[in-house]
2 protein chains.
Amino acid sequence: MAPTRTRIQTRNRETILAAGLTVFSGQGFRGATLDEIARQAGLSKPNLLYYFPSKEAIYTELLEGLLDTWLDPLRALDPSGPALEELLAYVERKLSLSRDFPLESRLFANEILQGAPQIGKILSSDLKALVDEKAAVIKIWADDGQIAPVDPHHLIFSIWSLTQHYADFDVQVRAVLGKADPFPGAEAHLEQVFRRILTP
Amino acid sequence: MAPTRTRIQTRNRETILAAGLTVFSGQGFRGATLDEIARQAGLSKPNLLYYFPSKEAIYTELLEGLLDTWLDPLRALDPSGPALEELLAYVERKLSLSRDFPLESRLFANEILQGAPQIGKILSSDLKALVDEKAAVIKIWADDGQIAPVDPHHLIFSIWSLTQHYADFDVQVRAVLGKADPFPGAEAHLEQVFRRILTP
DNA sequence: ATACGATTTGACCAACTGGTCAAACCAACG
DNA sequence: CGTTGGTTTGACCAGTTGGTCAAATCGTAT
């Protein structure tokens with residue numbers, strides 16, 4: 001059963017996780033320090049370690065809590081829905097995650113970039129299984145002629161890539177565009193792009 | 001004028017930069033250590049610091065040396081060439097960089113992810129200028145009807161995103177696909193995708 | 001109020017960090 | 001051979017790192 005927690009425990013664990021998200025997403029696991037996380041959280045370092053047994057525990061809990069949220073949009077892809085609309089809705093849900101949770105996106109990107117030492121196993125088991133399942137759905141849609149023929153796995157990679165780019169490379173995108181919020185333009189562009197890719 | 005260098009200097013500086021590339025691209029700037037770079041290079045730590053004044057100097061030299069190579073494919077986009085072929089060739093050049101220089105790609109990705117503390121300035125000056133120039137070319141092509149209408153800046157972002165994904169998220173791609181080299185599939189997929197996006 | 005467990009912290013530690021320095025080493029040229 | 005300048009290193013340093021611990025403080029149920 002889940003451990004019983006006091007109000008204070010719940011609040012402080014959340015504060016710490018929020019601070020950890022900020023620091024880990026900007027520095028990666030090795031580059032982040034407990035002192036910095038403690039400062040961000042407004043707690044003393046020993047106090048952090050009263051709520052979490054180690055630096056790694058904070059990081060792991062963040063990543064695992066994140067993964068579900070991150071895959072929900074793909075899970076929601078409905079095999080019985082209209083193919084094109086389902087895929088466009090998936091793109092939009094994924095882009096919304098980038099807009100609303102950029103830190104989470106960068107945390108994940110950092111982990112993968114550094115070789116996925118913590119979640120590598122999960123990627124090749126759970127994630128692979130989910131992707132294979134949804135790729136099969138996409139293949140059926142393509143074979144049916146509901147969408148243009150396309151490699152289902154690479155299509156999924158393309159969706160991930162294009163949507164997460166706006167969170168992960170935010171600094172670059174803004175530097176090139178000037179100061180403007182890139183998301184309105186991104187959304188219109190991506191809808192247009194995927195319509196052209198997928199329309200039979 | 002460029003500093004005169006002995007044979008040993010040239011060789012050791014290259015060894016150090018190669019080691020630095022490996023370590024920085026896997027850990028980011030803060031996460032990397034001089035000890036680890038020295039170990040990778042097969043040199044002692046004080047010896048590293050005989051060739052470079054600081055950790056940051058190694059990192060900066062790597063990044064700056066990289067940036068030119070990284071932007072060459074975009075520079076080579078020829079306004080007088082046939083639009084679709086030019087853009088498809090650009091995609092292929094960019095994908096080749098991902099295949100042949102994945103460490104360089106990840107080093108760059110790490111720098112951007114962490115807020116581009118070293119090259120932020122260059123992004124909003126040189127990079128922005130280059131992108132604006134090439135975006136204007138693409139706009140003309142679209143207005144001419146040589147390619148389908150598309151937001152030029154976001155098109156460039158899409159090319160960067162889709163091609164670099166296979167280097168930066170290599171671990172994830174391989175985990176999902178199984179062990180296979182993803183690049184042959186990626187190349188065919190991306191050509192198909194950009195043909196559909198750009199064909200008028 | 002008081003007693004109890006939950007919470008917080010200052011002091012501390014060993015390992016590691018980027019970096020320094022003087023001394024040793026080495027290659028090549030006269 | 002010897003000297004000279006480039007090269008290498010062991011010993012060292014001050015600051016930082018993740019983590020520990022006993023003692024102090026707090027909250028609250030009685």
Side-chain angles (χ1 to χ4, degrees), chain A residues 1-64 107 110-111 114 117-118, chain B residues 1-64 107 110-111 114 117-118:
Chain A
M1 56 181 165
T4 306
R5 294 205 177 111
T6 67
R7 260 180 258 97
I8 293 180
Q9 274 168 2
T10 307
R11 171 172 43 84
N12 280 350
R13 283 178 56 92
E14 266 166 35
T15 305
I16 292 168
L17 287 173
L21 175 62
T22 304
V23 178
F24 283 129
S25 72
Q27 310 276 13
F29 178 73
R30 290 222 47 194
T33 72
L34 284 181
D35 286 289
E36 176 71 12
I37 297 174
R39 233 174 37 81
Q40 277 273 334
L43 298 173
S44 67
K45 186 168 59 167
N47 206 3
L48 281 203
L49 294 162
Y50 173 72
Y51 291 102
F52 290 88
S54 69
K55 178 186 176 184
E56 195 176 337
I58 303 176
Y59 184 69
T60 301
E61 182 145 336
L62 272 172
L63 265 188
E64 287 178 1
L107 181 74
N110 251 307
E111 166 73 6
Q114 314 199 346
Q118 307 285 329
Chain B
M1 58 182 164
T4 306
R5 293 206 178 108
T6 68
R7 261 181 256 99
I8 294 181
Q9 274 169 3
T10 307
R11 172 173 41 85
N12 280 350
R13 283 177 57 89
E14 267 166 36
T15 306
I16 292 168
L17 287 173
L21 175 61
T22 304
V23 177
F24 282 128
S25 71
Q27 310 276 11
F29 178 72
R30 290 221 46 196
T33 71
L34 283 180
D35 286 287
E36 176 72 12
I37 298 175
R39 233 173 37 81
Q40 277 273 334
L43 298 173
S44 68
K45 185 168 61 168
N47 206 4
L48 280 203
L49 294 162
Y50 173 72
Y51 291 102
F52 289 88
S54 68
K55 178 187 176 184
E56 195 176 336
I58 303 176
Y59 185 71
T60 302
E61 182 144 337
L62 273 173
L63 263 189
E64 287 178 1
L107 180 76
N110 250 307
E111 166 73 4
Q114 314 198 347
Q118 307 284 330

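Residue numbering restarts at 1 for every chain, and letters A, B, ... go by the order of the sequence lines.
- Note: NZ (A/K55) to P (D/dG18) measures 4 Å, nearest angstrom.
- Proximity of a side-chain donor or acceptor of A/T60 to a complementary backbone N or O of A/A57 within less than 3.5 Å is not detected.
- The interatomic distance linking A/I16 (CD1) with D/dG19 (P) rounds to 13 Å, in whole Å.
- Among the heavy atoms of the strands lying under 4.0 Å from A/L49 is at least one base atom, whether or not backbone atoms are also near.
- Classification of A/E14 and A/R11 as a salt-bridged pair fails, no side-chain N sitting under 4.0 Å from a carboxylate O.
- Whole-Å rounding puts the B/N47 CG to D/dT9 P distance at 6 Å.
- The shortest side-chain heavy-atom distance between B/E36 and B/Q27 does not fall under the 4.5 Å cut-off.
- Annotation: side chain of A/T33 is in contact with side chain of B/R30 (closest heavy-atom distance under 4.5 Å).
- As rounded to whole Å, 9 Å separates atom C1' of D/dT7 from atom CD of B/Q9.
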TODO: Go through the steps to decide whether B/T15 and B/Q40 satisfy the test side-chain contact (heavy atoms from CB on, under 4.5 Å), and finish with yes or no.
DONE: CA-CA 9 Å; B/T15 306; B/Q40 277 273 334; over 6 Å; no
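- From one end of the helix from C/dA1-D/dT30 to C/dG30-D/dC1 to the other, with five pairs defining each end axis, the axis direction shifts by 10° (rounded to 10°).
- Atom CZ of B/R30 is separated from atom P of D/dG15 by 17 Å (rounded to the nearest Å).
- Along DNA chain C, the nucleotide closest to A/L48 and the one closest to B/R7 are compared, and the more 5′ of them pairs with A/L48.
- Whole-Å rounding puts the A/I37 CD1 to D/dT17 C1' distance at 12 Å.
- Among the atoms of the strands shown, only primed sugar atoms or phosphate atoms (P, OP1, OP2) are found under 4.0 Å from some heavy atom of A/A32.
- Between A/F24 and A/F29, the angle of the ring planes stays under 30°, which puts this pair in the parallel group of the 30/60° scheme.
- Contact annotation for B/A38: no contact, since no heavy-atom pair falls under 4.0 Å across all strands.
- In 5' to 3' order, the nucleotides of DNA chain C bounding all contacts with chain B (an atom under 4.0 Å from a heavy atom) are C/dT17 to C/dC21.
- Looking at which nucleotide of DNA chain D each of B/P46 and B/I8 is closest to, the 5′-most match is held by B/I8.
- The side-chain heavy atoms of A/L49 and A/L34, taken from C-beta on, include a pair separated by under 4.5 Å.
- Separating the CG atom of A/D35 from the C1' atom of D/dT17 is a distance of 7 Å, rounded to the nearest angstrom.
- At a threshold of 4.0 angstrom between heavy atoms, the contacts of A/R11 with the nucleic acid are absent.
- In this structure, B/Y50 does not reach the D/dT8 phosphate: none of its side-chain N or O atoms is under 4.0 Å from OP1 or OP2.
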Task: Full working for side-chain contact (heavy atoms from CB on, under 4.5 Å) between A/Q118 and A/E64 - done: CA-CA 9 Å; A/Q118 307 285 329; A/E64 287 178 1; over 6 Å; no
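- What you find for B/A38 and B/S44 is that their closest heavy atoms are CB-C, 4.1 Å.
- Within 4.0 Å (heavy atoms only), A/Y51 reaches sugar-phosphate atoms of the nucleic acid but no base atom.
- Rounded to an integer number of Å, the gap from NZ of A/K45 to P of D/dT17 is 8 Å.
- Contact record, B/V23 with B/A32: CG1-CB, 3.5 Å, taken as the closest heavy-atom pair.
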